[in-house]
Amino acid sequence: MTLPNPAFAPQLSVPATYMRGGTSKGTFFKLSDLPERCQVAGESRDKFLLRVIGSPDPYGKQIDGLGNGSSSTSKTVILSESSRSDHDVNYLFGQVNIAKPMIDWAGNCGNLTAAVGACAINMGLVDADKITNSIEEDAESGICEVRIWQQNISKTIIAHVPVYMDAQGKVQVQETGDFELDGVTFPAAEVKIEFIDPVDSSSDMFPTNNLIDDFDVSGCGLAADSVKATFISAGIPTIFMKAEDLGFTGTELQGDINSDNELLAKLENIRAKGGVAMGLFKDVSEAQTSQHIPKIAWVGAAQSYSASSGKAVEANEIDLVVRAMSMGQLHHAMMGTAAVAIAAAATTQGTLVNEAAGGGQSKKQLSEVRFGHPSGTLLVGGKTEQVDGRWQAKKVSMSRSARRIMVGEVFVPEYAF
């Protein structure tokens, strides 16, 4: 007896890991585990990942997927063994748009970077001998240095992943610990991240060749048609402005920004103009298809405020305050890539970020700053220098944490991709 074909499409299951990295969450895949047609870039891969996350969703909640309706959780990662002799793993990041059928592959996610090393170890992508040798003889724990090739931006990142020897004599990733990261409720193990040469040696960290520009914001609804801005390409292209020039204090929380559609539209117009000024767009209309870059941020002098958790952040604990937009919304903490930009700009004398941190009051170049963000504070370090007349960031560092939340299979209707 021949049974009729079912009038519905079955679901396909694919191995996946759901992880928190820094103040973000994302769905991680091993490249070889993806359906064959999704193992190469293109429409099938994008449609598959959109369905996994639950986009596009006109309701903005991503109820039918693993996203949670925010830019911090609408993220995907694909890992693969690196063919580069001096790297362990390739890391490809996709920022999934919540409301539109679009994935932005143009930049990195600095927060999820903190989870890449641990996930690569757990997926078997890091050489077993290297993992074992990261613990010295007679020691119970150590640090495994995972060298990551960030494919979106073609940069090297080093993750210092804590590991330990379990009762069976096998080396495991240490995920729990006492490191506290503002924006994350529970403590975990500290993961130190180093972004190596985050700016191309052939390009200038400041694309306009200026540390501070007069930025034309005419038609954007500000009190003036021109404001001071620092345009920087380190970590992720970012436009820094003074909080006061935007009518802000620099201590804003999400509720102050994200519920005001008129204000969000104003900030998006400024971001689009900034993209043109940085040479990222030929016309402001191109910003509609590039929501991941550039980022827009505002800075101010250190001041006391209450974080989103109610925690008091005192002015004497920080060097400056920074707020940044991500995918059209004020970020609940700080994007990791934007933190790279903050570190690079703050440690370069003469930028708006450096001036806000008090760098202009001292001839000594800053090597690290602690900035206040909506969820608390973050310490970042950097080293910048001029090479052949161009500013370069040699290294930027910060500490994050990461944790596996789920390991299993994700189900996607076969017709979706």
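Model, not experiment: these values are computed from the prediction.
- Residues Asp182 and Ser375 bring no donor and acceptor atom of their side chains to less than 3.5 Å of each other.
- A donor atom on one side chain and an acceptor atom on the other are found under 3.5 Å apart for Asp46 and Trp105.
- Inspection of the Glu252 and Thr249 side chains reveals an N or O donor paired with an N or O acceptor under 3.5 Å.
- Side chain of Ser304 to backbone of Ala315: a donor-acceptor contact under 3.5 angstrom is found.
- His331 and Ser72 share a donor-acceptor pair across their side chains, judged by distance under 3.5 Å alone.
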Q: Mind running salt bridge (charged side-chain N to carboxylate O under 4.0 Å, His left out) on Lys394 and Asp197 for me, showing each step along the way?
A: CA-CA 5 Å; Lys394 305 311 292 181; Asp197 293 323; 3.5 Å; yes

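- Under a 3.5 Å cut-off, the side chain of Glu414 and the backbone N or O of Leu12 do not form any donor-acceptor pair.
- Using modelled atom types, one finds no donor on one side chain facing an acceptor on the other under 3.5 Å when comparing Ser397 with Glu194.
- Judged by distance alone, the side chain of Lys130 and the main-chain N or O of Glu145 form a donor-acceptor pair under 3.5 Å.
- Across Ala341 and Thr238, no two heavy atoms sit closer than the pair CB-OG1, 3.6 Å.
- With a 6.0 Å radius and a threshold of 12 heavy atoms from other residues, nucleotides or ligands, Tyr59 has its OH atom at or below the threshold.
- A donor-acceptor pair under 3.5 Å links the side-chain atoms of Thr230 to the main chain of Leu352, judged by distance alone.
- Gln172 contributes no side-chain N or O that, together with a main-chain N or O of Tyr164, makes up a donor-acceptor pair within less than 3.5 Å.
- In summary, the side chains of His332 and Ser308 do not present any donor paired with an acceptor at a separation below 3.5 Å, with no hydrogens or angles considered.
- Counted by atom type alone, Ser401 and Arg20 present one or more donor-acceptor pairs between their side chains at under 3.5 Å.
- Not one N or O on the side chain of Asp319 forms a donor-acceptor pair closer than 3.5 Å with the backbone of Ala357.
- Using a 4.0 Å cut-off between a side-chain N of Lys or Arg and a carboxylate O of Asp or Glu, Asp214 and Lys228 qualify as a salt bridge.
- Under the 3.5 Å distance criterion, with hydrogens and angles disregarded, a donor-acceptor pair is assigned to the side chains of Ser74 and Gln62.
- One N or O on the side chain of Thr384 and one on the backbone of Thr347 form a donor-acceptor pair closer than 3.5 Å.
- Between the side chain of Arg271 and the backbone N or O of Ile293 there is at least one donor-acceptor pair closer than 3.5 Å.
- Using a distance-only test at 3.5 Å, with no hydrogens or angles considered, no donor-acceptor pair links the side chain of Glu286 to the main chain of Gln288.
- Distance alone, capped at 3.5 Å, is enough to place a donor-acceptor pair between the Asp104 side chain and the His292 backbone.
- With 3.5 Å as the limit, one finds a donor-acceptor pair spanning the side chains of Ser82 and Asn90.
- With Tyr305 as the aromatic partner, Arg323 meets the cation-pi criteria of under 6.0 angstrom to the ring centre and within 45 degrees of the ring axis.
- In this structure, Asp178 places its CG atom where only 12 or fewer heavy-atom neighbours from other residues, nucleotides or ligands lie under 6.0 Å away.
- Between Met123 and Phe28, some side-chain heavy-atom pair lies under the 4.5 Å cut-off.
- Side-chain contact of Ser70 with Asn68: a donor-acceptor pair under 3.5 Å is absent, judged by distance alone.
- Taking 4.5 Å as the limit, some side-chain heavy atom of Thr113 sits within range of a side-chain heavy atom of Asn108.
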